[in-house]
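Notes follow the structure.
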Amino acid sequence: MSIAPHPIQIRVRDPSLQRNRWTVAFRLILAIPQLIWWCFWSLGMALLLPVAWIATLILGRLPDWAHEVYERYVRFNVHLGAYIALAANDWPGFIGDRGYAVDVDIAPPARQNRWTVAFRLVLWLPPYLLASLLGFWAGGGGGGGSDVGASSDPDGWDVGTSIVGGGGGGLLTLVAVLAWFAILVKGSMPRGFRDVVVFCLGYSAQVAGYLALLTGRYPNSTPALSHPAAMPPHPVTAALDDDRRRSRLTTFFRALLVVPHLVWLVLWGIVVVLAAIANWFATLAMGRSPEPLHRFLAAYVRYYAHVLAFLFLATNPFPGFVGQEGGYPFDVRIAPPARQHRAKTLFRVILVIPASMVSSALASVRFAAAIGGWFAGVFTARMPEGLRDLSAWATRYDAQVMSYLLLLTDRYPDSAPTLEVGEREREPEPLHPPQPAAATVWEPPSPDWGRGPEAIR
């Protein structure tokens with residue numbers, strides 16, 4: 001089943017990860033003119049929104065002049081967010097022109113269902129809550145990258161929240177802070193962090209565009225981003241083979257059904273702690289993880305991921321208790337033992353801290369996605385694609401963090417929002433479709449949150 005791309009798409013026009021340390025160190029100061037302009041522009045957009053809403057109700061579409069104004073406003077938000085959150089290096093403009101390093105493509109005005117327009121504010125609330133946990137920029141001065149290197153003004157986000165709203169903190173802010181330190185040391189933006197920022201900004205643009213009536217399509221949280229240059233495969237990968245059908249009964253009682261697994265995880269975890277200590281000494285001595293310990297710890301990581309996928313509704317079947325590879329719809333693949341750097345092994349508990357912080361932020365996002373998916377599963381017997389994939393992405397990252405901590409690999413966890421997905425209900429689509437060398441396009445394959453508003457058409 002082919003579904004048209006979302007009318008609002010994020011685009012990376014400049015894939016370079018090199019950053020100027022001086023402009024990064026003083027990024028917030030350099031962005032002050034744009035931040036002041038953003039406050040005034042946001043106030044104007046908030047005052048204009050009721051007029052645009054009434055016009056759209058009458059005409060069945062957003063007037064061209066309003067579409068142009070809000071399109072530039074959303075694009076400017078993304079440009080400014082990308083600059084402050086370090087996904088882009090160049091100083092952004094003030095009027096939302098096309099051509100910035102991280103840009104947004106927005107489709108022309110189109111007909112919209114008047115019922116979805118009339119209740120747009122109510123329909124907008126679920127993706128707004130999810131976007132708040134992502135910590136997106138295009139919603140408030142207190143969110144997004146405004147905390148890079150310094151805390152934001154607590155009153156700064158009040159101007160303009162009636163347009164696209166937004167909470168402080170969140171995944172994007174944490175990633176931007178970590179990237180700030182990484183760039184000062186290395187002079188380049190970690191690719192995974194850049195992709196997380198782009199994903200958050202892309203979703204925020206869709207949330208903003210939905211409220212501002214730029215489109216009637218619901219925001220799509222599917223975490224799929226194509227890269228112009230393929231990276232070496234990570235030793236720990238995950239694949240999801242799921243048709244999104246959910247049993248209403250098992251969905252309703254999911255928290256109770258998972259209790260036996262939680263008990264077994266704790267009991268198995270006691271032995272895992274002892275095995276991990278032994279593996280640490282062995283890896284320091286041998287330069288690699290012994291095969292028996294590697295196999296035992298890998299089974300635990302797979303089982304842990306299976307339980308999380310089941311609990312947070314990324315999958316439907318009840319998982320087994322042994323962490324068998326290839327035996328569950330959410331499959332974690334862990335490469336055999338390989339040589340590891342002894343210095344990384346020695347300080348592994350310290351090195352894993354930043355990844356653990358990102359994992360914690362992703363866990364909050366996954367929890368929100370599971371709540372939305374629980375209601376969708378109970379009432380529609382289907383899991384929304386975007387929420388399912390968001391949960392699976394967070395679980396895949398958890399598996400990589402745990403594998404890194406348990407010395408199954410010395411490759412650092414990859415936070416890039418990608419996932420290998422194969423659905424039985426349609427022909428598989430390539431994860432990384434060919435793109436021009438100078439651009440990366442994020443094109444979510446389907447609407448999110450169960451495509452509820454579209455069913456009213």
Side-chain angles (χ1 to χ4, degrees), residues 9-42 71-106 131 134-153 156-157 159-160 164 166 168-184 186-205 208 225 438-440 442:
Q9 299 177 24
I10 195 78
R11 181 183 295 272
V12 178
R13 298 187 183 276
D14 180 9
S16 174
L17 299 174
Q18 297 301 311
R19 298 291 182 265
N20 184 305
R21 287 185 174 90
W22 285 105
T23 63
V24 167
F26 300 99
R27 185 59 56 100
L28 279 178
I29 297 175
L30 294 172
I32 287 176
Q34 281 91 347
L35 289 170
I36 294 174
W37 171 236
W38 173 83
C39 290
F40 287 107
W41 198 350
S42 297
E71 177 181 350
R72 286 183 174 273
Y73 174 72
V74 170
R75 189 176 292 117
F76 171 75
N77 271 272
V78 171
H79 295 175
L80 181 56
Y83 180 69
I84 294 181
L86 307 172
N89 195 50
D90 296 333
W91 206 58
F94 287 85
I95 57 176
D97 280 334
R98 294 181 178 88
Y100 192 61
V102 179
D103 211 351
V104 177
D105 291 335
I106 300 178
L134 289 172
F136 66 92
W137 169 257
S146 59
D147 288 338
V148 183
S151 61
S152 61
D153 182 349
W157 80 282
V159 180
V164 285
L171 177 63
L172 186 147
T173 303
L174 173 63
V175 166
V177 171
L178 295 175
W180 188 82
F181 287 103
I183 293 171
L184 291 183
K186 299 172 54 181
S188 63
M189 176 74 162
R191 180 188 62 89
F193 285 173
R194 192 279 311 272
D195 290 349
V196 171
V197 171
V198 170
F199 164 69
C200 293
L201 291 174
Y203 187 66
S204 79
L225 191 70
T440 295
W442 176 49

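Index from 1, following the sequence. As the structure is a computational prediction, the values presented were derived from the model and not from experiment.
- Checked by atom type and distance alone, the side chain of Arg27 pairs as donor or acceptor with a backbone atom of Thr23 at under 3.5 Å.
- Residues passing the salt bridge (charged side-chain N to carboxylate O under 4.0 Å, His left out) test with Arg98, sequence neighbours excluded: Glu71.
- Ile183 and Ser188 get closest at one heavy-atom pair: CG1-O, 3.4 Å.
- A donor-acceptor pair under 3.5 Å is absent between the side-chain atoms of Asn20 and the main chain of Asn89, judged by distance alone.
- In this structure, Tyr100 and Arg13 have side chains that are not in contact, with every pair of non-hydrogen atoms separated by 4.5 Å or more.
- Partner of Asp103 under the salt bridge (Lys or Arg N to Asp or Glu O under 4.0 Å) criterion, out of Arg72, Arg11, Arg75: Arg75 alone.
- Side-chain atoms of Arg194 do not come within 3.5 Å of backbone N or O of Leu86 as any donor-acceptor pair.
- Between Leu80 and Leu35, some side-chain heavy-atom pair lies under the 4.5 Å cut-off.
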- Query: Should Leu201 and Leu172 be marked as a side-chain contact (heavy atoms from CB on, under 4.5 Å) after you check the CA-CA gap, both sets of side-chain angles, and the distance that decides it?
  - Reply: CA-CA 9 Å; Leu201 291 174; Leu172 186 147; 4.1 Å; yes
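- When side chains are defined from C-beta on, Val24 counts as touching Trp180, because their heavy atoms get closer than 4.5 Å.
- Although no hydrogens or angles enter the test, the distance criterion places a donor-acceptor pair under 3.5 Å between the side chain of Arg21 and the main chain of Leu184.
- With contacts defined as side-chain heavy-atom distances shorter than 4.5 Å, the pair Leu30/Tyr83 qualifies.
- The distance between the ring centers of Tyr73 and Trp41 falls below 6.0 angstrom.
- For Phe94, the CZ atom counts as densely surrounded, since its 6.0 Å shell holds more than 12 non-hydrogen atoms of other residues, nucleotides or ligands.
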- Could you walk me through whether Val197 and Val102 pass the side-chain contact (heavy atoms from CB on, under 4.5 Å) check? CA-CA 10 Å; Val197 171; Val102 179; over 6 Å; no
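- Between Arg191 and Leu17 there is a side-chain heavy-atom pair separated by less than 4.5 Å.
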